[in-house]
Number of protein chains: 2
Amino acid sequence: MSSRIDTKTKILDAAEKLFAERGFSETSLRLITSKAEVNLASVNYHFGSKRELIRAVLARYLDLFMPAASNAIAELQQQHPHASLTDIFSALVSPLLTLNSIRAGGTRTFLQLLGRGYIESQGHLRWFITSHYGEHLQSFVTAVQASVPTIPRADIFWRLHFTLGTVVFTMASADALIDIAAADFDEKNNIETVIRKVIPYIASGVAVSA
Amino acid sequence: MSSRIDTKTKILDAAEKLFAERGFSETSLRLITSKAEVNLASVNYHFGSKRELIRAVLARYLDLFMPAASNAIAELQQQHPHASLTDIFSALVSPLLTLNSIRAGGTRTFLQLLGRGYIESQGHLRWFITSHYGEHLQSFVTAVQASVPTIPRADIFWRLHFTLGTVVFTMASADALIDIAAADFDEKNNIETVIRKVIPYIASGVAVSA
DNA sequence: GTCTATACTTTGATAGAC
DNA sequence: GTCTATCAAAGTATAGAC
């Protein structure tokens with residue numbers, strides 16, 4: 001019985017599925033609460049607003065992914081003190097794919113939500129992530145800096161944001177791109193093959209000598 | 001007197017300014033029509049819907065930029081039959097900056113609108129652009145393919161979409177990034193310096209041998 | 001052909017009873 | 001914690017004036 005799950009979780013589960021499928025603005029609270037079989041007003045009671053609900057949906061994934069990611073970076077640095085950029089980016093793949101064991105399609109859902117959220121939210125999500133997961137992010141940035149010591153810090157700042165854009169945009173439109181690649185080039189892709197394609201692109205861009 | 005401008009243009013001017021400042025979903029039609037000093041219903045009369053208005057605002061820029069861009073590519077290919085990827089991307093800078101002569105801050109406004117629109121619109125804008133400006137896009141893709149003949153077509157497809165993500169996301173958040181770079185690295189940037197930073201990144205990523 | 005007044009529908013949010 | 005009722009704001013649609 002789904003009624004054994006508490007209301008808050010029922011809302012999060014329904015919202016996550018609908019947000020990933022339809023985007024945030026196209027998903028009404030009434031649709032979420034009807035799918036979740038809870039009362040409309042319970043969203044406001046448990047989360048305060050739709051914006052906070054979006055954050056909460058993402059936080060469930062970020063709370064798993066961020067520590068796993070910075071652990072993976074730390075392990076990499078222990079075993080390979082001079083890890084390459086490609087090594088660093090590749091180290092994030094396993095924590096990403098682990099999300100599939102939490103929920104079916106977890107990796108895809110998380111990256112789509114992150115992509116859509118990062119842009120639709122007009123900077124609110126950027127603030128939320130940097131303030132809540134700043135330490136994890138910093139360990140990643142430090143690892144990148146160590147791997148390309150000749151690149152000025154300011155350049156690394158810009159290029160990591162270029163990289164964020166590449167990843168976030170690609171993941172937000174991953175379904176459409178996979179369909180197009182299948183139709184035009186007869187390629188069978190999934191979220192993991194797309195991740196594997198993007199790593200050489202971003203590693204090359206971050207390391208380029210201007 | 002602003003009343004000498006026709007209603008359609010008054011709506012487009014007001015909408016463009018507000019969309020670039022606040023984003024699409026944060027800008028109501030009532031705000032647009034009150035700034036434009038026209039009746040609310042005139043948006044529906046002239047454009048049919050808010051979505052169509054967004055398209056029309058972008059189309060004013062795309063109608064200028066797309067032919068200018070494909071002309072610039074054609075000229076480059078005549079003068080440098082073996083132009084590099086960096087040459088090709090750099091050739092787009094001048095058409096972009098020309099938009100500043102149409103309207104103050106035209107380049108910045110266009111790229112922000114394109115960035116925000118491309119993601120918020122859930123694929124509708126992708127369809128609109130490829131169907132209305134497909135020939136111009138194709139001449140660009142062909143030039144890229146010629147400059148990196150050893151890269152498979154499918155890889156170029158993916159990497160050009162990675163590039164689109166990089167550019168679109170960066171431009172959509174350009175104001176915030178410029179502010180952060182000023183605070184953290186004492187850098188003074190504007191939209192042109194950001195464009196100059198992104199070119200080596202994307203040129204390197206598209207050309208990388210996987 | 002254009003424009004305006006007005007009303008319809010959906011949405012996020014909230015107050016108050018239980 | 002949950003529910004009903006209700007609100008204000010937003011996108012949309014239409015009838016009718018000019």
Side-chain angles (χ1 to χ4, degrees), chain A residues 1-59 113 116-117 119-125 128, chain B residues 1-59 113 116-117 119-125 128:
Chain A
M1 289 277 288
S2 66
S3 60
R4 291 174 54 88
I5 309 171
D6 65 8
T7 300
K8 200 168 176 175
T9 305
K10 282 197 277 189
I11 294 171
L12 286 169
D13 288 343
E16 170 182 317
K17 187 164 183 293
L18 291 166
F19 284 155
E21 284 172 6
R22 313 159 47 102
F24 298 109
S25 57
E26 302 299 313
T27 304
S28 71
L29 295 181
R30 282 167 177 81
L31 180 60
I32 293 169
T33 53
S34 79
K35 291 276 183 190
E37 294 179 331
V38 301
N39 187 274
L40 169 64
S42 60
V43 173
N44 224 267
Y45 175 77
H46 284 288
F47 300 97
S49 69
K50 185 177 180 179
R51 188 184 297 277
E52 292 293 330
L53 172 60
I54 293 172
R55 278 192 201 172
V57 168
L58 264 163
L113 292 174
R116 290 184 172 158
I119 305 170
E120 281 195 37
S121 75
Q122 291 273 80
H124 294 94
L125 189 56
F128 172 74
Chain B
M1 288 274 288
S2 65
S3 59
R4 291 176 55 89
I5 309 172
D6 66 6
T7 300
K8 199 168 176 176
T9 305
K10 281 198 277 190
I11 294 171
L12 286 170
D13 288 344
E16 171 183 317
K17 188 164 183 293
L18 291 166
F19 284 154
E21 283 171 8
R22 313 158 50 102
F24 299 110
S25 58
E26 302 299 313
T27 304
S28 70
L29 295 181
R30 284 168 175 80
L31 180 60
I32 293 169
T33 51
S34 79
K35 291 277 183 190
E37 294 178 330
V38 300
N39 188 274
L40 170 64
S42 60
V43 173
N44 223 269
Y45 174 75
H46 285 288
F47 300 99
S49 70
K50 186 177 181 178
R51 188 183 297 274
E52 292 292 331
L53 172 60
I54 293 172
R55 276 191 202 174
V57 168
L58 263 163
L113 292 175
R116 290 182 173 159
I119 305 169
E120 284 194 35
S121 75
Q122 291 271 83
H124 294 93
L125 190 55
F128 172 73

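Reckoned from all heavy atoms, side chains included, excluding hydrogens, waters and symmetry mates. Proteins get letters first, then strands, A, B, ... in listed order; numbering begins at 1 in each. These numbers come from a predicted model, not from an experiment.
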Is there a side-chain polar atom (N or O) of B:Thr7 under 4.0 Å from OP1 or OP2 of C:dC3? yes
CD1 of B:Ile54 to NE2 of B:His124, rounded to nearest 0.5 Å, is 11.0 Å
Candidate nucleotides C:dA5, C:dC3, C:dA7, ranked by approach to the side chain of B:Arg30 - the nearest: C:dA7
NA contact type, A:Ser28, heavy-atom cut-off 4.0 Å: base, sugar-phosphate, or nothing? sugar-phosphate
If each of A:Ala41 and A:Glu26 is mapped to the nucleotide of DNA chain C with the nearest heavy atom, which maps nearer the 5' terminus, i.e. the 5' end? A:Glu26
Starting from P on C:dT10, measure out to NZ on B:Lys50 and report it in whole angstrom. 18 Å
Look at B:Asn39 and C:dC3 and indicate whether a side-chain polar atom (N or O) is within less than 4.0 Å of OP1 or OP2. no
Calculate the interatomic distance between B:Leu29 atom CG and D:dA10 atom P; express it in whole Å. 10 Å
Check the pair A:Phe19, A:Ile32 against side-chain contact (heavy atoms from CB on, under 4.5 Å), reporting the backbone distance first and the verdict last. CA-CA 9 Å; A:Phe19 284 155; A:Ile32 293 169; 3.8 Å; yes
Give, for atom CG of A:Leu53 and atom CG of A:Leu58, the distance between the pair rounded to the nearest 0.5 Å. 10.0 Å
In whole angstrom, what separates A:Asn44's CG from D:dA5's P? 18 Å
For A:Phe47 and A:Lys8, what are the C-alpha separation, side-chain angles and deciding distance, and is it a side-chain contact (heavy atoms from CB on, under 4.5 Å)? CA-CA 8 Å; A:Phe47 300 97; A:Lys8 200 168 176 175; 3.6 Å; yes
Rounding to an integer number of Å, can you tell me how far A:Lys10 NZ sits from D:dT2 C1'? 11 Å
note: A:Leu40, atom CG; C:dG16, atom C1'; distance rounded to Å ~ 16 Å
Identify whether any heavy atom of B:Thr27 sits under 4.0 Å from a base atom; if not, whether one sits that close to sugar-phosphate; answer base, sugar-phosphate or nothing. sugar-phosphate
Quick one, A:Tyr45 with A:Asn39, criterion side-chain contact (heavy atoms from CB on, under 4.5 Å). Give me CA distance, side-chain angles, the key distance, then yes/no. CA-CA 10 Å; A:Tyr45 175 77; A:Asn39 187 274; over 6 Å; no
Calculate the interatomic distance between A:Phe24 atom CZ and C:dG12 atom P; express it in whole Å. 13 Å
Just how far, in rounded Å, is P of C:dT2 from CD1 of B:Ile5? 17 Å
Interatomic distance where CG belongs to B:Leu53 and C1' belongs to D:dG11 [whole Å]: 12 Å
Look at the side chain of B:Tyr45 and decide which nucleotide, out of D:dT12, C:dT2, C:dT14, has an atom nearest to it. C:dT2
For D:dT2, take OP1 and OP2 only and decide whether either is under 4.0 Å from a side-chain N or O of A:His46. yes
